[in-house]
**Student:** 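Structure incoming, see below.
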Number of protein chains: 2
Amino acid sequence: MSVVRKTKSVNTLTTIFNESTSALSVVNLVNRLKSQMNKTTVYRVLERLENDGMLHSFIGVDGLKWYAKCTEDEETHQNHTHPHFQCNDCGKVECLDVTITIPAIKNKQIESANFLITGQCENCK
Amino acid sequence: MSVVRKTKSVNTLTTIFNESTSALSVVNLVNRLKSQMNKTTVYRVLERLENDGMLHSFIGVDGLKWYAKCTEDEETHQNHTHPHFQCNDCGKVECLDVTITIPAIKNKQIESANFLITGQCENCK
DNA sequence: TTGATAATGCAACAAAGTTGCGTTAAATTT
DNA sequence: AAATTTAACGCAACTTTGTTGCATTATCAA
């Protein structure tokens, strides 16, 4: 366990992710929580929650860092190769519950994979 | 055609990409060309070459922007859904010549896809 | 209740990328 | 070949994301 203390900041961010169905960018969180906590704290809490296995992170099309809650399966099996979908219109990012098969690549040792699909979400298309 | 003038900067960058088998990060190019051209110019030329269809760009694991030369097929068909491979040890990025099938996702309009696979390359594993 | 130390706030910093504007140099026209 | 047009460039200043060091605060266990 990397999160040893249940602080106010940890509780706030944990609640936000438990109540959210989509992924959230760090920038978004820093802005939203500006009055409640320092941006350094946001970065550090997210890092701890990821090490802890509660969240996983990835880079969006814009190069920004995003976090999303792991499923129970992911928390136990550490397998985070599901794709993410980012809407080009509203910017929303979701985890997709589909499996993408990575073909074997000769002479290379695969460690992890990031799949980012972009397009229009149900609200924007 | 977005590139209307064959300037010295355009020629320099075109040559670099024609002679390179792997993808190149903007940061790398800016550093390498520091004595020859301004970083703003590097950013702007790369943008033009991408609009022109000669290069394609994507975001690496670190959130940095990378560019790679398009294949002839891509230049004509505008299909850039091939995966990229980034070595976690030496940092090198390559385009992979394999096709990854994206499953249809209900209620969503897919526009493009970015696949970034990480691990160890032939030299580092 | 007290002591150890994880976590926070703050300020300063670093790096990637962008913008505005005056100047330079391609390409076109005369 | 000189003049004209304007795309492209250089430079400086700026924005944004993310990081670091250190003093202070708050959690948790003894």
Side-chain angles (χ1 to χ4, degrees), chain A residues 1-17 23-68 84 86 91-93 114 116, chain B residues 1-17 23-68 84 86 91-93 114 116:
Chain A
M1 268 280 195
S2 141
V3 174
V4 292
R5 295 188 186 181
K6 289 275 159 57
T7 65
K8 209 173 144 188
S9 305
V10 168
N11 286 332
T12 303
L13 281 162
T14 303
T15 305
I16 288 175
F17 277 97
L24 299 164
S25 73
V26 182
V27 172
N28 175 302
L29 290 167
V30 167
N31 281 329
R32 198 200 302 192
L33 299 171
K34 199 167 283 174
S35 59
Q36 298 174 58
M37 70 184 86
N38 191 272
K39 72 168 174 175
T40 312
T41 305
V42 177
Y43 280 98
R44 293 198 270 225
V45 170
L46 292 172
E47 197 178 32
R48 266 180 284 149
L49 293 177
E50 181 172 28
N51 290 338
D52 217 38
M54 180 198 163
L55 302 178
H56 63 278
S57 71
F58 55 94
I59 306 292
V61 271
D62 38 19
L64 298 188
K65 198 163 191 179
W66 291 72
Y67 282 89
H84 295 101
Q86 182 157 22
K92 195 172 84 169
V93 178
N114 287 289
L116 184 59
Chain B
M1 267 284 195
S2 142
V3 174
V4 291
R5 295 188 185 181
K6 291 273 161 57
T7 64
K8 209 174 145 189
S9 305
V10 169
N11 286 333
T12 304
L13 280 162
T14 302
T15 306
I16 287 175
F17 276 97
L24 298 164
S25 74
V26 182
V27 174
N28 174 304
L29 290 166
V30 167
N31 281 329
R32 199 200 303 191
L33 299 170
K34 198 167 284 173
S35 60
Q36 298 176 56
M37 71 184 84
N38 191 272
K39 72 169 174 175
T40 311
T41 305
V42 177
Y43 279 98
R44 292 199 270 225
V45 170
L46 292 173
E47 197 178 31
R48 266 181 282 148
L49 294 177
E50 181 172 27
N51 290 338
D52 217 39
M54 180 199 163
L55 302 179
H56 62 279
S57 71
F58 54 94
I59 306 291
V61 272
D62 37 20
L64 298 188
K65 198 162 193 179
W66 291 72
Y67 282 89
H84 295 101
Q86 183 159 21
K92 195 173 86 170
V93 178
N114 288 287
L116 184 59

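Just so it is clear: chains get the letters A, B, ... in the order the sequence lines come, proteins before strands, and each one is counted from 1.
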**Student:** Could you check whether the rings of A/H84 and A/F58 sit parallel, tilted or perpendicular, using 30° and 60° as the cut-offs?
**Tutor:** parallel
**Student:** Please state how far atom OH in B/Y67 lies from atom C1' in C/dA16, giving the value in whole angstrom units.
**Tutor:** 13 Å
**Student:** What is the distance from CG of B/D62 to P of C/dA14, rounded to the nearest Å?
**Tutor:** 20 Å
**Student:** For A/R44, what residues pass the side chain to side chain donor-acceptor pair (under 3.5 Å) criterion, not counting sequence neighbours?
**Tutor:** none
**Student:** Using residues 35-43 of chain B as the side-chain source, report each donor-acceptor pair under 3.5 Å to any protein atom, sequence neighbours left out, with the distance given to one decimal.
**Tutor:**
from	atom 1	to	atom 2	distance (Å)
B/N38	OD1	B/T40	N	2.9
B/N38	OD1	B/T40	OG1	2.9

**Student:** State, to 0.1 Å, how close A/Y67 and A/F17 come at their nearest heavy-atom pair, and which atoms those are.
**Tutor:** O-CE2, 3.3 Å
**Student:** Using the 3.5 Å cut-off, write out each protein N or O paired with an N or O of nucleotides 28-30 of chain D and the distance between them.
**Tutor:**
from	atom 1	to	atom 2	distance (Å)
D/dC28	OP1	A/K6	N	3.0

**Student:** Separation of B/L46 atom CG from C/dT18 atom P, in whole Å?
**Tutor:** 11 Å
**Student:** Could you check how far CH2 of A/W66 sits from P of D/dT17, rounded to whole Å?
**Tutor:** 12 Å
**Student:** Identify, residue by residue, the members of residues 28-44 of chain A with a heavy atom below 4.0 Å from DNA chain D, and return them in order of residue number, or none.
**Tutor:** A/K39, A/T40, A/Y43, A/R44
**Student:** Could you tell me which residues satisfy side chain to side chain contact (heavy atoms under 4.5 Å, CB included) with A/K92, sequence neighbours excluded, listed by chain and number?
**Tutor:** A/S22, A/C90, A/E94, A/E122, A/N123
**Student:** What residues, two or more places apart in sequence or in another chain, satisfy side chain to side chain donor-acceptor pair (under 3.5 Å) together with B/K34?
**Tutor:** B/N31
**Student:** Going by heavy atoms in the side chains, are A/L13 and A/L33 under 4.5 Å from each other?
**Tutor:** yes
**Student:** Could you tell me, to 10°, how much the axis swings from one end of the helix from C/dT1-D/dA30 to C/dT30-D/dA1 to the other, five pairs per end?
**Tutor:** 30°
**Student:** Taking the side chain as every heavy atom from C-beta outward, state whether A/Q86 and A/L116 have any atom pair closer than 4.5 Å.
**Tutor:** yes
**Student:** Side chain to side chain donor-acceptor pair (under 3.5 Å) with A/E50: which residues, sequence neighbours excluded?
**Tutor:** A/S57
**Student:** Could you give the CG-to-C1' distance, from A/N11 to C/dT8, as a whole number of Å?
**Tutor:** 15 Å
**Student:** For the CG atom of A/L49 and the CG atom of A/L55, what is their distance to the nearest 0.5 Å?
**Tutor:** 5.0 Å
**Student:** Measure CD/B/E47 against P/D/dC9 and give the value in whole Å, please.
**Tutor:** 12 Å
**Student:** Considering residues at least two apart in sequence or located in another chain, which fulfil the side chain to side chain donor-acceptor pair (under 3.5 Å) criterion with B/N11?
**Tutor:** none
